[in-house]
Amino acid sequence: NYKEIYSTISKHINENDSNDDFYLDNFIIQLITSFKKIHCIDIKVIDEKTAYEVFITVNAKNDPLTSFDLTKTLVLNQIDAKTKTDEDKWNNIIVNINNEVKGITPQSFLRYYWIGKYEFVQDRMLFDSIQRHGAYDNPLDYKKKDFIPRKKRAENKKLFYKNLVDELDRSSLVLRNIKKSDVHYFKENFGAKRGQQIASSLEQINKFETVKQPYIYILSLINNALISKNKVDSDTFLHVTRAVSKIIRSIEVFSFEFHILAGGQANKVERTVYSNYGKELYNINDNIGKNKKWHEKWTVHQVRKISDILEKTLSTHLRDNDSTISDMVSNLRYDSKKTVSIRYVFEKINQVLHNQNHLSFNSNASIEHILPQNPKKWGLEPKEIKDYVHSIGNLVVIPGTLNNDLSDSSFEDKVNGVKDTKKQQINKLSDDQTAVNQELWGNLKKTLEESSVWNENDIKKRAKKIGELFHKAVSKYKGS
(Lines give C-alpha, C1' and ligand atoms only; values in the text may rest on other atoms or scores of the structure.)
Protein backbone atom coordinates (compact mmCIF):
# COMPACT_ATOMS: atom_id res chain seq x y z
CA ASN A 1 0.00 0.00 0.00
CA TYR A 2 2.81 2.45 0.86
CA LYS A 3 4.48 1.64 -2.43
CA GLU A 4 1.24 2.29 -4.30
CA ILE A 5 0.75 5.66 -2.57
CA TYR A 6 4.35 6.66 -3.36
CA SER A 7 3.89 5.69 -7.02
CA THR A 8 0.65 7.64 -7.30
CA ILE A 9 2.13 10.84 -5.85
CA SER A 10 5.31 10.54 -7.97
CA LYS A 11 3.29 10.00 -11.10
CA HIS A 12 1.12 13.01 -10.32
CA ILE A 13 4.19 15.25 -9.87
CA ASN A 14 6.00 13.94 -12.95
CA GLU A 15 2.97 14.36 -15.17
CA ASN A 16 2.87 18.05 -14.26
CA ASP A 17 5.56 20.71 -14.52
CA SER A 18 7.97 19.77 -11.71
CA ASN A 19 10.00 22.94 -12.39
CA ASP A 20 7.07 25.14 -11.45
CA ASP A 21 7.84 26.11 -7.83
CA PHE A 22 4.41 27.61 -7.32
CA TYR A 23 2.71 24.38 -8.44
CA LEU A 24 4.94 22.22 -6.23
CA ASP A 25 4.42 24.43 -3.17
CA ASN A 26 0.68 24.43 -3.70
CA PHE A 27 0.60 20.65 -4.24
CA ILE A 28 2.59 19.99 -1.05
CA ILE A 29 0.29 22.28 0.94
CA GLN A 30 -2.76 20.40 -0.34
CA LEU A 31 -1.09 17.08 0.48
CA ILE A 32 -0.25 18.14 4.03
CA THR A 33 -3.78 19.50 4.50
CA SER A 34 -5.17 16.11 3.42
CA PHE A 35 -2.85 14.26 5.80
CA LYS A 36 -4.08 16.42 8.68
CA LYS A 37 -7.60 15.12 8.06
CA ILE A 38 -6.51 11.54 8.67
CA HIS A 39 -7.36 10.21 12.13
CA CYS A 40 -5.27 7.34 13.47
CA ILE A 41 -6.58 5.03 16.18
CA ASP A 42 -4.28 2.85 18.25
CA ILE A 43 -6.08 -0.29 19.45
CA LYS A 44 -4.13 -2.78 21.55
CA VAL A 45 -5.29 -6.40 21.38
CA ILE A 46 -4.02 -9.59 22.97
CA ASP A 47 -4.06 -11.91 19.95
CA GLU A 48 -4.66 -12.19 16.19
CA LYS A 49 -8.21 -13.46 16.68
CA THR A 50 -9.25 -10.29 18.52
CA ALA A 51 -7.37 -8.14 16.02
CA TYR A 52 -9.33 -9.67 13.14
CA GLU A 53 -12.67 -9.17 14.94
CA VAL A 54 -11.83 -5.51 15.59
CA PHE A 55 -10.74 -5.04 11.99
CA ILE A 56 -13.98 -6.47 10.59
CA THR A 57 -16.06 -4.34 13.00
CA VAL A 58 -14.41 -0.96 12.38
CA ASN A 59 -14.08 -1.58 8.65
CA ALA A 60 -17.60 -2.90 8.10
CA LYS A 61 -18.92 0.25 6.44
CA ASN A 62 -16.11 0.41 3.90
CA ASP A 63 -14.69 -2.42 1.83
CA PRO A 64 -13.46 -4.99 4.36
CA LEU A 65 -10.57 -7.32 3.81
CA THR A 66 -12.46 -10.61 3.81
CA SER A 67 -11.59 -14.00 5.25
CA PHE A 68 -11.04 -15.10 1.67
CA ASP A 69 -8.33 -12.45 1.17
CA LEU A 70 -6.70 -13.22 4.51
CA THR A 71 -6.83 -16.96 3.89
CA LYS A 72 -5.07 -16.56 0.56
CA THR A 73 -2.16 -14.76 2.21
CA LEU A 74 -2.05 -17.24 5.07
CA VAL A 75 -2.15 -20.32 2.85
CA LEU A 76 0.43 -19.18 0.31
CA ASN A 77 2.79 -18.16 3.11
CA GLN A 78 2.35 -21.41 5.00
CA ILE A 79 3.02 -23.64 2.01
CA ASP A 80 5.93 -21.42 1.02
CA ALA A 81 4.68 -21.14 -2.56
CA LYS A 82 7.69 -20.52 -4.73
CA THR A 83 6.06 -21.38 -8.03
CA LYS A 84 2.98 -19.92 -9.64
CA THR A 85 1.16 -23.28 -9.47
CA ASP A 86 -0.46 -22.78 -6.06
CA GLU A 87 -1.22 -19.12 -6.68
CA ASP A 88 -2.70 -20.07 -10.05
CA LYS A 89 -4.98 -22.54 -8.24
CA TRP A 90 -6.16 -19.79 -5.94
CA ASN A 91 -6.77 -17.45 -8.86
CA ASN A 92 -8.64 -20.28 -10.58
CA ILE A 93 -10.97 -20.44 -7.58
CA ILE A 94 -11.74 -16.74 -8.00
CA VAL A 95 -12.40 -17.18 -11.73
CA ASN A 96 -14.70 -20.19 -11.15
CA ILE A 97 -16.75 -18.35 -8.56
CA ASN A 98 -16.76 -14.76 -9.83
CA ASN A 99 -17.23 -15.55 -13.51
CA GLU A 100 -19.33 -18.70 -13.38
CA VAL A 101 -21.31 -18.76 -10.12
CA LYS A 102 -24.23 -16.34 -9.95
CA GLY A 103 -25.17 -14.99 -6.53
CA ILE A 104 -22.29 -16.46 -4.49
CA THR A 105 -19.08 -14.53 -3.73
CA PRO A 106 -15.65 -16.13 -3.15
CA GLN A 107 -16.06 -15.24 0.54
CA SER A 108 -19.42 -17.07 0.72
CA PHE A 109 -18.00 -20.03 -1.19
CA LEU A 110 -15.13 -20.34 1.28
CA ARG A 111 -17.55 -20.28 4.22
CA TYR A 112 -19.99 -22.76 2.62
CA TYR A 113 -17.16 -25.17 1.95
CA TRP A 114 -15.66 -24.71 5.42
CA ILE A 115 -18.81 -25.11 7.52
CA GLY A 116 -19.90 -28.07 5.41
CA LYS A 117 -16.69 -29.92 6.30
CA TYR A 118 -14.94 -28.56 9.38
CA GLU A 119 -16.82 -26.30 11.77
CA PHE A 120 -19.84 -24.00 11.84
CA VAL A 121 -18.78 -20.36 12.20
CA GLN A 122 -20.13 -16.98 11.20
CA ASP A 123 -18.25 -14.80 8.70
CA ARG A 124 -16.36 -12.81 11.30
CA MET A 125 -14.89 -15.97 12.88
CA LEU A 126 -14.09 -17.84 9.66
CA PHE A 127 -10.46 -16.80 9.35
CA ASP A 128 -9.81 -17.61 13.00
CA SER A 129 -11.30 -21.08 12.51
CA ILE A 130 -9.10 -21.74 9.46
CA GLN A 131 -6.00 -20.61 11.37
CA ARG A 132 -6.92 -22.81 14.33
CA HIS A 133 -7.43 -25.93 12.21
CA GLY A 134 -4.14 -25.28 10.47
CA ALA A 135 -2.22 -24.80 13.71
CA TYR A 136 -3.64 -27.47 16.06
CA ASP A 137 -4.46 -31.17 16.01
CA ASN A 138 -7.38 -30.52 18.39
CA PRO A 139 -8.96 -27.34 16.96
CA LEU A 140 -12.51 -28.13 18.09
CA ASP A 141 -11.53 -28.32 21.77
CA TYR A 142 -10.67 -24.62 22.03
CA LYS A 143 -13.89 -23.71 23.88
CA LYS A 144 -13.20 -26.16 26.70
CA LYS A 145 -12.02 -24.60 29.94
CA ASP A 146 -9.07 -26.96 30.18
CA PHE A 147 -8.09 -26.55 26.52
CA ILE A 148 -4.46 -27.43 25.94
CA PRO A 149 -3.55 -26.89 22.28
CA ARG A 150 -1.66 -29.66 20.53
CA LYS A 151 0.33 -27.90 17.85
CA LYS A 152 0.69 -29.52 14.46
CA ARG A 153 4.14 -30.53 13.33
CA ALA A 154 5.55 -28.17 10.73
CA GLU A 155 5.23 -30.70 7.89
CA ASN A 156 1.63 -31.52 8.85
CA LYS A 157 0.73 -27.85 9.01
CA LYS A 158 2.15 -27.31 5.55
CA LEU A 159 0.31 -30.39 4.24
CA PHE A 160 -2.98 -29.14 5.70
CA TYR A 161 -2.78 -25.86 3.80
CA LYS A 162 -1.52 -27.57 0.65
CA ASN A 163 -4.52 -29.88 0.71
CA LEU A 164 -6.82 -26.96 1.46
CA VAL A 165 -5.79 -25.17 -1.73
CA ASP A 166 -6.36 -28.35 -3.77
CA GLU A 167 -9.75 -29.01 -2.16
CA LEU A 168 -10.95 -25.43 -2.66
CA ASP A 169 -9.82 -25.54 -6.28
CA ARG A 170 -11.78 -28.76 -6.92
CA SER A 171 -14.77 -27.56 -4.92
CA SER A 172 -15.01 -24.29 -6.84
CA LEU A 173 -15.37 -26.35 -10.02
CA VAL A 174 -18.01 -28.55 -8.37
CA LEU A 175 -19.97 -25.49 -7.22
CA ARG A 176 -19.71 -24.02 -10.69
CA ASN A 177 -21.35 -27.13 -12.14
CA ILE A 178 -23.96 -27.16 -9.37
CA LYS A 179 -24.94 -23.55 -10.09
CA LYS A 180 -24.95 -24.17 -13.84
CA SER A 181 -26.91 -27.43 -13.27
CA ASP A 182 -24.67 -28.87 -15.99
CA VAL A 183 -26.52 -31.98 -17.15
CA HIS A 184 -23.49 -33.34 -19.05
CA TYR A 185 -21.30 -33.08 -15.96
CA PHE A 186 -23.80 -34.90 -13.76
CA LYS A 187 -24.60 -37.59 -16.34
CA GLU A 188 -20.88 -38.25 -16.73
CA ASN A 189 -20.36 -38.61 -12.99
CA PHE A 190 -23.66 -40.14 -11.85
CA GLY A 191 -25.00 -41.97 -14.89
CA ALA A 192 -27.65 -40.94 -17.42
CA LYS A 193 -30.78 -41.43 -15.30
CA ARG A 194 -29.55 -40.15 -11.93
CA GLY A 195 -27.45 -37.43 -13.56
CA GLN A 196 -30.51 -36.07 -15.36
CA GLN A 197 -32.54 -36.15 -12.14
CA ILE A 198 -29.82 -34.37 -10.17
CA ALA A 199 -29.33 -31.67 -12.83
CA SER A 200 -33.10 -31.08 -13.11
CA SER A 201 -33.46 -30.63 -9.34
CA LEU A 202 -30.46 -28.30 -9.20
CA GLU A 203 -31.93 -26.24 -12.04
CA GLN A 204 -35.02 -25.67 -9.91
CA ILE A 205 -33.04 -24.89 -6.74
CA ASN A 206 -30.95 -22.37 -8.68
CA LYS A 207 -34.15 -20.53 -9.63
CA PHE A 208 -34.84 -19.87 -5.96
CA GLU A 209 -32.33 -17.02 -6.01
CA THR A 210 -32.91 -15.85 -2.43
CA VAL A 211 -32.19 -19.31 -0.99
CA LYS A 212 -28.44 -19.86 -0.44
CA GLN A 213 -28.08 -22.19 2.56
CA PRO A 214 -28.68 -25.51 0.72
CA TYR A 215 -25.40 -25.03 -1.18
CA ILE A 216 -23.51 -25.70 2.07
CA TYR A 217 -24.81 -29.23 2.11
CA ILE A 218 -25.12 -29.80 -1.64
CA LEU A 219 -21.43 -28.91 -2.11
CA SER A 220 -20.47 -31.42 0.58
CA LEU A 221 -22.84 -34.00 -0.92
CA ILE A 222 -21.41 -33.84 -4.45
CA ASN A 223 -17.82 -33.63 -3.17
CA ASN A 224 -18.25 -36.75 -1.06
CA ALA A 225 -20.10 -38.65 -3.75
CA LEU A 226 -17.20 -38.02 -6.15
CA ILE A 227 -14.69 -39.07 -3.46
CA SER A 228 -16.56 -42.35 -2.96
CA LYS A 229 -16.75 -42.93 -6.71
CA ASN A 230 -12.98 -43.21 -6.86
CA LYS A 231 -12.85 -45.67 -3.95
CA VAL A 232 -15.66 -48.18 -4.55
CA ASP A 233 -16.82 -50.46 -7.35
CA SER A 234 -19.50 -49.36 -9.81
CA ASP A 235 -22.27 -51.51 -8.27
CA THR A 236 -21.69 -50.01 -4.84
CA PHE A 237 -21.59 -46.51 -6.29
CA LEU A 238 -25.11 -47.00 -7.69
CA HIS A 239 -26.38 -46.84 -4.10
CA VAL A 240 -24.66 -43.49 -3.74
CA THR A 241 -26.12 -42.06 -6.98
CA ARG A 242 -29.62 -43.06 -5.92
CA ALA A 243 -29.16 -41.45 -2.51
CA VAL A 244 -27.75 -38.23 -4.00
CA SER A 245 -30.70 -37.91 -6.37
CA LYS A 246 -33.26 -38.42 -3.59
CA ILE A 247 -31.51 -36.07 -1.20
CA ILE A 248 -31.37 -33.25 -3.73
CA ARG A 249 -35.04 -33.79 -4.61
CA SER A 250 -35.91 -33.47 -0.92
CA ILE A 251 -33.86 -30.27 -0.67
CA GLU A 252 -35.50 -28.89 -3.82
CA VAL A 253 -39.03 -29.36 -2.49
CA PHE A 254 -38.09 -28.21 1.02
CA SER A 255 -36.43 -25.06 -0.34
CA PHE A 256 -39.62 -24.15 -2.17
CA GLU A 257 -42.08 -25.08 0.56
CA PHE A 258 -40.15 -23.83 3.60
CA HIS A 259 -38.23 -20.80 2.27
CA ILE A 260 -40.18 -19.56 -0.76
CA LEU A 261 -43.75 -20.51 0.11
CA ALA A 262 -43.80 -20.42 3.91
CA GLY A 263 -41.12 -17.75 4.46
CA GLY A 264 -39.05 -19.95 6.79
CA GLN A 265 -35.86 -18.36 8.13
CA ALA A 266 -32.46 -19.51 6.91
CA ASN A 267 -30.98 -19.71 10.41
CA LYS A 268 -33.41 -22.50 11.23
CA VAL A 269 -31.52 -24.89 8.97
CA GLU A 270 -28.07 -23.46 8.16
CA ARG A 271 -26.34 -24.95 11.20
CA THR A 272 -28.56 -27.77 12.46
CA VAL A 273 -29.19 -29.29 9.05
CA TYR A 274 -26.90 -28.22 6.24
CA SER A 275 -23.65 -27.70 8.18
CA ASN A 276 -24.03 -30.62 10.60
CA TYR A 277 -25.04 -33.18 8.00
CA GLY A 278 -22.53 -31.90 5.48
CA LYS A 279 -19.78 -32.65 8.03
CA GLU A 280 -21.30 -36.07 8.69
CA LEU A 281 -20.87 -37.01 5.02
CA TYR A 282 -17.11 -36.62 5.35
CA ASN A 283 -17.21 -38.91 8.39
CA ILE A 284 -19.14 -41.51 6.40
CA ASN A 285 -16.56 -41.43 3.63
CA ASP A 286 -13.73 -41.80 6.14
CA ASN A 287 -15.08 -45.32 6.78
CA ILE A 288 -14.90 -46.49 3.17
CA GLY A 289 -13.27 -49.93 3.20
CA LYS A 290 -13.65 -50.28 6.97
CA ASN A 291 -17.29 -51.33 6.88
CA LYS A 292 -18.80 -53.78 4.39
CA LYS A 293 -22.19 -52.08 4.67
CA TRP A 294 -20.68 -48.65 4.17
CA HIS A 295 -23.06 -47.79 1.31
CA GLU A 296 -26.06 -48.30 3.60
CA LYS A 297 -24.93 -45.28 5.59
CA TRP A 298 -25.66 -43.17 2.53
CA THR A 299 -29.19 -44.59 2.42
CA VAL A 300 -29.69 -44.12 6.15
CA HIS A 301 -28.26 -40.63 5.86
CA GLN A 302 -30.80 -39.83 3.16
CA VAL A 303 -33.95 -41.55 4.46
CA ARG A 304 -33.70 -41.26 8.23
CA LYS A 305 -31.74 -38.05 8.62
CA ILE A 306 -31.81 -35.40 5.92
CA SER A 307 -35.31 -36.14 4.59
CA ASP A 308 -36.74 -36.66 8.05
CA ILE A 309 -35.25 -33.54 9.61
CA LEU A 310 -36.35 -31.40 6.65
CA GLU A 311 -39.89 -32.77 6.99
CA LYS A 312 -39.83 -32.17 10.74
CA THR A 313 -38.57 -28.60 10.30
CA LEU A 314 -41.30 -27.85 7.75
CA SER A 315 -44.05 -29.50 9.82
CA THR A 316 -43.07 -27.52 12.92
CA HIS A 317 -43.08 -24.26 10.98
CA LEU A 318 -46.49 -25.01 9.42
CA ARG A 319 -47.96 -26.01 12.78
CA ASP A 320 -46.65 -22.86 14.44
CA ASN A 321 -48.24 -20.78 11.68
CA ASP A 322 -51.46 -22.84 11.55
CA SER A 323 -51.16 -23.50 7.82
CA THR A 324 -50.71 -26.22 5.21
CA ILE A 325 -48.80 -26.37 1.94
CA SER A 326 -52.02 -26.97 0.01
CA ASP A 327 -53.59 -23.84 1.51
CA MET A 328 -50.52 -21.70 0.82
CA VAL A 329 -50.42 -22.84 -2.81
CA SER A 330 -54.16 -22.18 -3.15
CA ASN A 331 -53.61 -18.65 -1.82
CA LEU A 332 -50.80 -17.80 -4.23
CA ARG A 333 -51.46 -14.60 -6.14
CA TYR A 334 -49.79 -13.22 -9.23
CA ASP A 335 -47.23 -10.45 -8.92
CA SER A 336 -43.79 -9.92 -10.43
CA LYS A 337 -42.10 -11.49 -7.38
CA LYS A 338 -44.21 -14.66 -7.46
CA THR A 339 -43.68 -15.79 -11.05
CA VAL A 340 -41.04 -18.38 -10.05
CA SER A 341 -43.40 -19.85 -7.45
CA ILE A 342 -46.37 -20.05 -9.81
CA ARG A 343 -44.33 -21.62 -12.59
CA TYR A 344 -42.86 -24.14 -10.14
CA VAL A 345 -46.31 -25.24 -8.95
CA PHE A 346 -47.58 -25.86 -12.47
CA GLU A 347 -44.32 -27.50 -13.57
CA LYS A 348 -44.41 -30.01 -10.72
CA ILE A 349 -48.05 -30.92 -11.35
CA ASN A 350 -47.32 -31.34 -15.05
CA GLN A 351 -44.06 -33.29 -14.58
CA VAL A 352 -45.25 -35.73 -11.93
CA LEU A 353 -49.00 -36.19 -12.37
CA HIS A 354 -48.91 -36.03 -16.18
CA ASN A 355 -45.66 -38.00 -16.63
CA GLN A 356 -43.75 -35.23 -18.39
CA ASN A 357 -40.72 -35.75 -16.17
CA HIS A 358 -38.23 -33.42 -17.79
CA LEU A 359 -40.56 -30.70 -19.06
CA SER A 360 -39.76 -27.22 -17.81
CA PHE A 361 -41.51 -24.10 -19.01
CA ASN A 362 -38.99 -22.27 -21.17
CA SER A 363 -37.86 -18.71 -20.61
CA ASN A 364 -40.33 -17.46 -23.24
CA ALA A 365 -43.34 -18.86 -21.37
CA SER A 366 -45.50 -16.34 -19.55
CA ILE A 367 -48.33 -16.31 -17.04
CA GLU A 368 -51.74 -15.66 -18.60
CA HIS A 369 -54.86 -14.57 -16.73
CA ILE A 370 -57.88 -16.55 -17.94
CA LEU A 371 -60.17 -13.75 -16.73
CA PRO A 372 -58.07 -10.80 -17.96
CA GLN A 373 -56.92 -7.94 -15.77
CA ASN A 374 -58.76 -5.64 -18.18
CA PRO A 375 -62.15 -7.40 -18.34
CA LYS A 376 -63.97 -4.98 -20.67
CA LYS A 377 -64.87 -7.73 -23.15
CA TRP A 378 -66.24 -9.76 -20.24
CA GLY A 379 -68.65 -6.96 -19.34
CA LEU A 380 -66.84 -6.27 -16.06
CA GLU A 381 -64.86 -3.46 -14.43
CA PRO A 382 -61.33 -3.98 -12.92
CA LYS A 383 -62.58 -2.98 -9.44
CA GLU A 384 -65.18 -5.78 -9.54
CA ILE A 385 -62.55 -8.51 -9.97
CA LYS A 386 -59.56 -7.11 -8.02
CA ASP A 387 -60.02 -9.57 -5.14
CA TYR A 388 -59.66 -12.72 -7.25
CA VAL A 389 -58.29 -11.92 -10.71
CA HIS A 390 -54.69 -12.60 -9.60
CA SER A 391 -55.50 -15.88 -7.82
CA ILE A 392 -53.53 -18.93 -8.98
CA GLY A 393 -56.91 -20.41 -9.86
CA ASN A 394 -57.18 -17.86 -12.66
CA LEU A 395 -53.65 -18.39 -14.02
CA VAL A 396 -52.07 -20.57 -16.66
CA VAL A 397 -48.49 -20.76 -18.01
CA ILE A 398 -48.41 -20.63 -21.82
CA PRO A 399 -46.00 -19.50 -24.58
CA GLY A 400 -45.52 -15.74 -24.56
CA THR A 401 -46.68 -15.37 -28.16
CA LEU A 402 -49.97 -17.15 -27.41
CA ASN A 403 -50.46 -14.94 -24.36
CA ASN A 404 -50.06 -11.85 -26.57
CA ASP A 405 -52.52 -13.23 -29.13
CA LEU A 406 -55.23 -13.98 -26.56
CA SER A 407 -54.60 -10.96 -24.31
CA ASP A 408 -57.93 -9.47 -23.11
CA SER A 409 -60.16 -11.69 -25.25
CA SER A 410 -63.59 -12.80 -24.07
CA PHE A 411 -64.04 -16.14 -22.32
CA GLU A 412 -65.64 -17.65 -25.43
CA ASP A 413 -62.82 -16.45 -27.69
CA LYS A 414 -60.12 -17.79 -25.37
CA VAL A 415 -61.72 -21.23 -25.45
CA ASN A 416 -62.94 -21.39 -29.08
CA GLY A 417 -60.27 -19.18 -30.62
CA VAL A 418 -59.40 -15.68 -31.78
CA LYS A 419 -58.79 -15.10 -35.48
CA ASP A 420 -55.40 -13.56 -36.30
CA THR A 421 -55.92 -11.88 -39.67
CA LYS A 422 -52.20 -11.21 -40.17
CA LYS A 423 -51.17 -14.83 -39.61
CA GLN A 424 -54.39 -16.24 -41.04
CA GLN A 425 -54.88 -18.57 -38.08
CA ILE A 426 -57.10 -19.16 -35.06
CA ASN A 427 -55.42 -18.80 -31.63
CA LYS A 428 -56.90 -20.48 -28.56
CA LEU A 429 -55.78 -21.83 -25.16
CA SER A 430 -55.76 -25.39 -26.46
CA ASP A 431 -52.93 -24.52 -28.88
CA ASP A 432 -50.50 -25.18 -26.04
CA GLN A 433 -49.98 -28.95 -25.86
CA THR A 434 -48.68 -29.08 -22.28
CA ALA A 435 -50.66 -31.86 -20.57
CA VAL A 436 -51.77 -29.79 -17.60
CA ASN A 437 -53.02 -27.06 -19.94
CA GLN A 438 -54.85 -29.53 -22.16
CA GLU A 439 -56.71 -30.74 -19.08
CA LEU A 440 -57.51 -27.14 -18.14
CA TRP A 441 -58.80 -26.40 -21.64
CA GLY A 442 -61.13 -29.39 -21.44
CA ASN A 443 -62.54 -28.11 -18.14
CA LEU A 444 -62.92 -24.56 -19.50
CA LYS A 445 -64.74 -25.86 -22.57
CA LYS A 446 -67.12 -27.78 -20.32
CA THR A 447 -67.69 -24.66 -18.20
CA LEU A 448 -68.39 -22.59 -21.33
CA GLU A 449 -70.95 -25.13 -22.57
CA GLU A 450 -72.70 -25.41 -19.20
CA SER A 451 -72.76 -21.84 -17.90
CA SER A 452 -71.00 -19.58 -20.43
CA VAL A 453 -69.07 -17.84 -17.65
CA TRP A 454 -65.78 -18.21 -15.77
CA ASN A 455 -66.36 -16.50 -12.44
CA GLU A 456 -65.07 -16.05 -8.91
CA ASN A 457 -66.49 -19.36 -7.73
CA ASP A 458 -64.79 -21.28 -10.58
CA ILE A 459 -61.49 -19.55 -9.79
CA LYS A 460 -61.69 -20.40 -6.08
CA LYS A 461 -62.52 -24.05 -6.80
CA ARG A 462 -59.61 -24.34 -9.22
CA ALA A 463 -57.20 -22.66 -6.74
CA LYS A 464 -58.14 -25.21 -4.06
CA LYS A 465 -57.71 -28.05 -6.56
CA ILE A 466 -54.27 -26.78 -7.61
CA GLY A 467 -53.14 -26.77 -3.96
CA GLU A 468 -54.26 -30.39 -3.55
CA LEU A 469 -52.64 -31.48 -6.82
CA PHE A 470 -49.33 -29.82 -5.93
CA HIS A 471 -49.20 -31.57 -2.55
CA LYS A 472 -49.93 -34.90 -4.25
CA ALA A 473 -47.30 -34.23 -6.93
CA VAL A 474 -44.40 -33.33 -4.61
CA SER A 475 -45.19 -36.25 -2.29
CA LYS A 476 -44.90 -38.63 -5.23
CA TYR A 477 -41.88 -36.77 -6.60
CA LYS A 478 -39.83 -37.05 -3.41
CA GLY A 479 -40.50 -40.78 -3.21
CA SER A 480 -39.60 -41.61 -6.81
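Numbers for residues simply follow the sequence, beginning at 1.
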Could you tell me whether the side chain of [Y] reaches within less than 4.5 Å of the side chain of [X], counting heavy atoms only?
X: Lys72; Y: Asp69; value: no
X: Asp182; Y: Arg176; value: no
X: Ile260; Y: Val340; value: no
X: Leu140; Y: Tyr118; value: no
X: Lys180; Y: Lys102; value: no
X: Phe258; Y: Thr313; value: yes
X: Ile205; Y: Ile218; value: yes
X: Met125; Y: Asp128; value: yes

Only counting residues at least two apart or in another chain, list the ones meeting side-chain hydrogen bond (donor to acceptor under 3.5 Å, both in side chains) with Glu311.
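Once residues adjacent in sequence are excluded, the partners of Glu311 under the side-chain hydrogen bond (donor to acceptor under 3.5 Å, both in side chains) criterion are Lys478.
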
Would you indicate whether His471, at its atom NE2, is surrounded by more than 12 heavy atoms from other residues, nucleotides or ligands within a distance under 6.0 Å?
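No.
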
In this structure, are over 12 heavy atoms from other groups packed under 6.0 Å from Asn230 atom CG?
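Above 12, so yes.
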
Pair listing, salt bridge (charged side-chain N to carboxylate O under 4.0 Å, His left out) test, anchored in residues 211-235, at least two apart:
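Residue pairs with at least one partner in residues 211-235: there are none.
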
Drop me the distance from [X]'s [atom1] to [Y]'s [atom2], to the nearest 0.5 angstrom.
X: Glu167; Y: Phe160; atom1: CD; atom2: CZ; answer: 8.0 Å
X: Gln122; Y: Ile115; atom1: CD; atom2: CD1; answer: 8.0 Å
X: Tyr112; Y: Ser220; atom1: OH; atom2: OG; answer: 14.5 Å
X: Ile198; Y: Ile222; atom1: CD1; atom2: CD1; answer: 5.5 Å
X: Asn206; Y: Lys179; atom1: CG; atom2: NZ; answer: 4.5 Å
X: Leu371; Y: His369; atom1: CG; atom2: NE2; answer: 8.5 Å

Short side-chain donor-acceptor distance under 3.5 Å, [Y] and [X]:
X: Trp378; Y: Ser410; answer: no
X: Asp327; Y: Thr324; answer: yes
X: Ser201; Y: Glu252; answer: yes
X: Ser200; Y: Gln196; answer: yes
X: Asp123; Y: Ser67; answer: no

Take Leu440 and Phe346, measure what side-chain contact (heavy atoms from CB on, under 4.5 Å) needs, and give me the verdict at the end.
CA-CA 12 Å; Leu440 168 65; Phe346 285 123; over 6 Å; no

Whether [X] side chain and [Y] backbone form a donor-acceptor pair below 3.5 Å:
X: Asn92; Y: Asp88; answer: no
X: Arg249; Y: Val474; answer: no
X: Ser228; Y: Ala225; answer: yes
X: Ser245; Y: Thr241; answer: no
X: Asp335; Y: Lys337; answer: yes

Step by step, work out the side-chain hydrogen bond (donor to acceptor under 3.5 Å, both in side chains) result for Ser129 and Trp114.
CA-CA 9 Å; Ser129 178; Trp114 189 260; 2.8 Å; yes

Step by step, would you call Tyr388 with Asn394 a side-chain contact (heavy atoms from CB on, under 4.5 Å)?
CA-CA 8 Å; Tyr388 57 88; Asn394 188 46; over 6 Å; no

Aromatic contact, Trp90 with Phe68 (centres under 6.0 Å):
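Ring-ring flag for Trp90/Phe68: true, centres closer than 6.0 Å.
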
Would you name the heavy atoms of [X] and [Y] that are closest together and state the gap between them?
X: Ile178; Y: Leu219; answer: CD1-CA, 4.0 Å
X: Ile97; Y: Thr105; answer: CG2-C, 3.6 Å
X: Leu74; Y: Tyr161; answer: CD2-OH, 3.5 Å
X: Val436; Y: Asn350; answer: N-OD1, 2.8 Å
X: Ser391; Y: Ser330; answer: OG-O, 4.5 Å
X: Arg462; Y: Leu395; answer: NH1-O, 2.8 Å

Would you call [X] and [Y] a salt bridge, taking side-chain N to carboxylate O under 4.0 Å as the test?
X: Lys460; Y: Glu456; value: yes
X: Glu381; Y: Lys376; value: no
X: Arg132; Y: Glu119; value: yes

For Val244 and Ile248, what are the C-alpha separation, side-chain angles and deciding distance, and is it a side-chain contact (heavy atoms from CB on, under 4.5 Å)?
CA-CA 6 Å; Val244 170; Ile248 293 183; 4.0 Å; yes

Test Asn96 against Val101 for side-chain contact (heavy atoms from CB on, under 4.5 Å), laying out the working first.
CA-CA 7 Å; Asn96 280 337; Val101 178; 5.8 Å; no

Taking the six-membered ring for Trp, are Phe208 and Tyr344 parallel (under 30°), tilted (30 to 60°) or perpendicular (over 60°)?
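The arrangement is perpendicular - the two ring planes meet at more than 60°.
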
Is the Tyr113 ring parallel, tilted or perpendicular to the Phe109 ring (thresholds 30°, 60°)?
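It falls in the tilted class, 30° to 60°.
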
What residue among Ile325, Val345, Val211, Ile251 forms side chain to side chain contact (heavy atoms under 4.5 Å, CB included) with Phe256?
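Only one option passes, and that is Val345.
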
Using a 6.0 Å distance limit plus a 45 degree cone around the ring axis, check whether Lys348 lies over the aromatic ring of Tyr477.
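The answer is yes; both the distance and angle limits are met.
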
Qualifying side-chain hydrogen bond (donor to acceptor under 3.5 Å, both in side chains) pairs, either residue in residues 259-278, two or more places apart
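Qualifying pairs, neighbours excluded: Arg111-Glu270.
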
Hey, mind stepping through Glu468 and Lys464 against salt bridge (Lys or Arg N to Asp or Glu O under 4.0 Å) and telling me if it holds?
CA-CA 6 Å; Glu468 294 168 352; Lys464 182 174 173 42; 3.4 Å; yes

